[in-house]
Structure formats: structure tokens, C-alpha cells
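Just below is one structure, and these are the notes that go with it.
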Amino acid sequence: MNDIKKILVPVDGSPASKKASERAVEIARKYGSDITFVTVANTPDMFNVGDYRFKVHYNYDNVINNNKKIQAEMLDSVIGELDIEGINFDKKVVSGEPAEEIIRIAKDCEYDYIIMGRRGFSKFTRFFVGSVTQRVIAESPCAAVIVVKE
Ligand SMILES: Nc1ncnc2c1ncn2[C@@H]1O[C@H](COP(=O)(O)OP(=O)(O)O)[C@@H](O)[C@H]1O
Ligand SMILES: [Mg+2]
């Protein structure tokens, strides 16, 4: 196995992403890797705010900041459940389109592995693997993407 210096773990709070986080910690402990946990908060455009009047009156920055705050709390609680002692890790909370942001961060920061869940929260199980994971597998610049079942 190649060196696993840096692992990126995208977390949406789903059971699969929690499992992925646990696996990442195990691997990090074994190979001395650093972990970055990242969560992507949705932007208002993704909430179906198609209505023009609604958009005009809506404060986008407030919505984004509020979503980021909620996601940051979620991420802290997921990390809080991990056996993380002795592991070097950091956290990122960004907003935008999840797959795009995950791929962008993976490219910018040269992660060796991405470890993520097979599914998230979507009720539409048209695909065996969730759409965010599909895109990351297809477009990731990392050496490997590990997909963890819930
Ligand atoms: N907003 C997000 N921020 C960070 N990671 C995410 C986000 N959405 C999905 N993921 C990652 O992708 C995995 C699969 O989720 P996804 O592809 O969205 O499946 P689904 O279609 O079932 O929601 C999750 O377990 C998580 O690791
Ligand atoms: Mg999802």
C-alpha cells in the first residue's frame, strides 16, 4: 500500500458517513495519516426557492451562514462520537454543491484517500450508490476512494 498521509472524509451525518468516519480513524491510526472531515452545506438555490418573490426577500447570506452553522454542529457531534484521541485531524465546513466542493478540496489539498459513505439521506434509491459518491468516484484526483456501507 502506498503512503496514506492525508485522508479526506466527507460527512453528511448519515449512518454511512459515520461508518466511513470510523473506518478513516482506524486507517489513520494504523498508517499515521492526518484526517480532514468536510461537510458541505446546501446553498439556498438547492432548496427549491424557484419563486422569484421569495428569492427577492430572502437573505442568501443568512441562509448560508445558518446552514453552515447547523452543518458544523452536526460535524462536531459526529466527530465527538469517534475514538479520535491521538489522531491529527481538522474540519472544513463549506457551502455549495456537495460533489463539486468535495472534488475541489481533494484536488487543492492532495489527499491520498477519500473515505465516504455509499449512501446519504436521499429517499430516492434509484442508484445503488448515492449521486455524490458516484461523482466523487468518477472525478476524484485521489489515489483511491473507499466507499463504506452503512
Ligand atoms: N453535503 C455533504 N457533505 C459532505 N459529504 C456528503 C454530503 N452529501 C453526501 N456526502 C457523502 O456522500 C455519501 C453518499 O451520499 P449521497 O451520494 O448524497 O447519497 P444519497 O443519494 O443516498 O443521499 C455520504 O455518506 C457522505 O459521505
Ligand atoms: Mg445525499
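In each ligand, atom 1 is the first atom listed, and ligand 1 is the first ligand listed.
- If you check which protein heavy atom lies closest to atom 7 (C) of ligand 1, you get Asp12 CB, 3.5 Å.
- At distances below 3.5 Å, at least one donor-acceptor pair connects side-chain atoms of Ser17 with backbone N or O atoms of Ser14.
- Between Glu22 and Lys19 there is no salt bridge, since no side-chain N of the basic residue sits under 4.0 Å from a carboxylate O of the acidic one.
- Residue-level proximity to ligand 1 for Val129 is absent, since no heavy atom of it falls below 4.0 angstrom.
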Exercise. Hey, mind stepping through Lys30 and Ile4 against side chain to side chain contact (heavy atoms under 4.5 Å, CB included) and telling me if it holds?
Worked result: CA-CA 10 Å; Lys30 191 160 178 186; Ile4 311 174; over 6 Å; no

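- The side-chain heavy atoms of Arg23 and Ile146, taken from C-beta on, include no pair separated by under 4.5 Å.
- Contact annotation: for Val11 versus ligand 1, heavy atoms closer than 4.0 Å belong to the backbone alone.
- Taking every heavy atom of Thr133 and a limit of under 4.0 angstrom, the matching atoms of ligand 1 come to 12 (O), 13 (C), 14 (C), 17 (O).
- For atom 26 (C) of ligand 1, the nearest non-hydrogen atom of the protein is Pro10 O, 3.5 Å.
- Nearest protein neighbour of atom 25 (O) of ligand 1, counting heavy atoms only, is Arg119 O, 2.9 Å.
- Seen from the ring of Phe37, Lys91 does not count as a face-on cation partner, given the 6.0 Å and 45° thresholds.
- One N or O on the side chain of Thr39 and one on the backbone of Val11 form a donor-acceptor pair closer than 3.5 Å.
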Problem set entry | Derivation of the side chain to side chain contact (heavy atoms under 4.5 Å, CB included) call for Ser33 and Asp112 | CA-CA 9 Å; Ser33 332; Asp112 301 298; over 6 Å; no

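- Ranked by closest heavy atom to atom 22 (O) of ligand 1, the top entry among Ser17, Gly120, Gly130 is Gly120.
- By the 3.5 Å distance cut-off applied to N or O atoms, Gln71 is not counted among the residues near ligand 1.
- From the protein, the heavy atom lying nearest to atom 3 (N) of ligand 1 is Val40 N, 3.0 Å.
- Here Pro98 has side-chain heavy atoms under 4.0 Å from ligand 1, and that is the only part of it that gets that close.
- Close approach of ligand 1 to Val38 (heavy-atom distance below 4.0 Å) involves ligand atoms 4 (C).
- With a 4.5 Å cut-off on side-chain heavy atoms, Val145 and Met116 count as touching.
- Among protein heavy atoms, atom 23 (O) of ligand 1 sits closest to Ser122 N, 3.0 Å.
- For ligand 1, the atoms sitting less than 4.0 Å from at least one non-hydrogen atom of Phe121 are 23 (O), numbered in the order shown with element in parentheses.
- Pro10 places none of its side-chain heavy atoms less than 4.5 Å from the side chain of Val40.
- For Ser14, the heavy-atom gap to ligand 1 drops under 4.0 angstrom.
- Between Asp83 and Arg29 the shortest side-chain heavy-atom distance falls below 4.5 Å.
- Every N/O-N/O distance between Met116 and ligand 1 stays at or above 3.5 Å.
- Counting only heavy atoms of the protein, atom 17 (O) of ligand 1 lies nearest to Val132 N, 2.8 Å.
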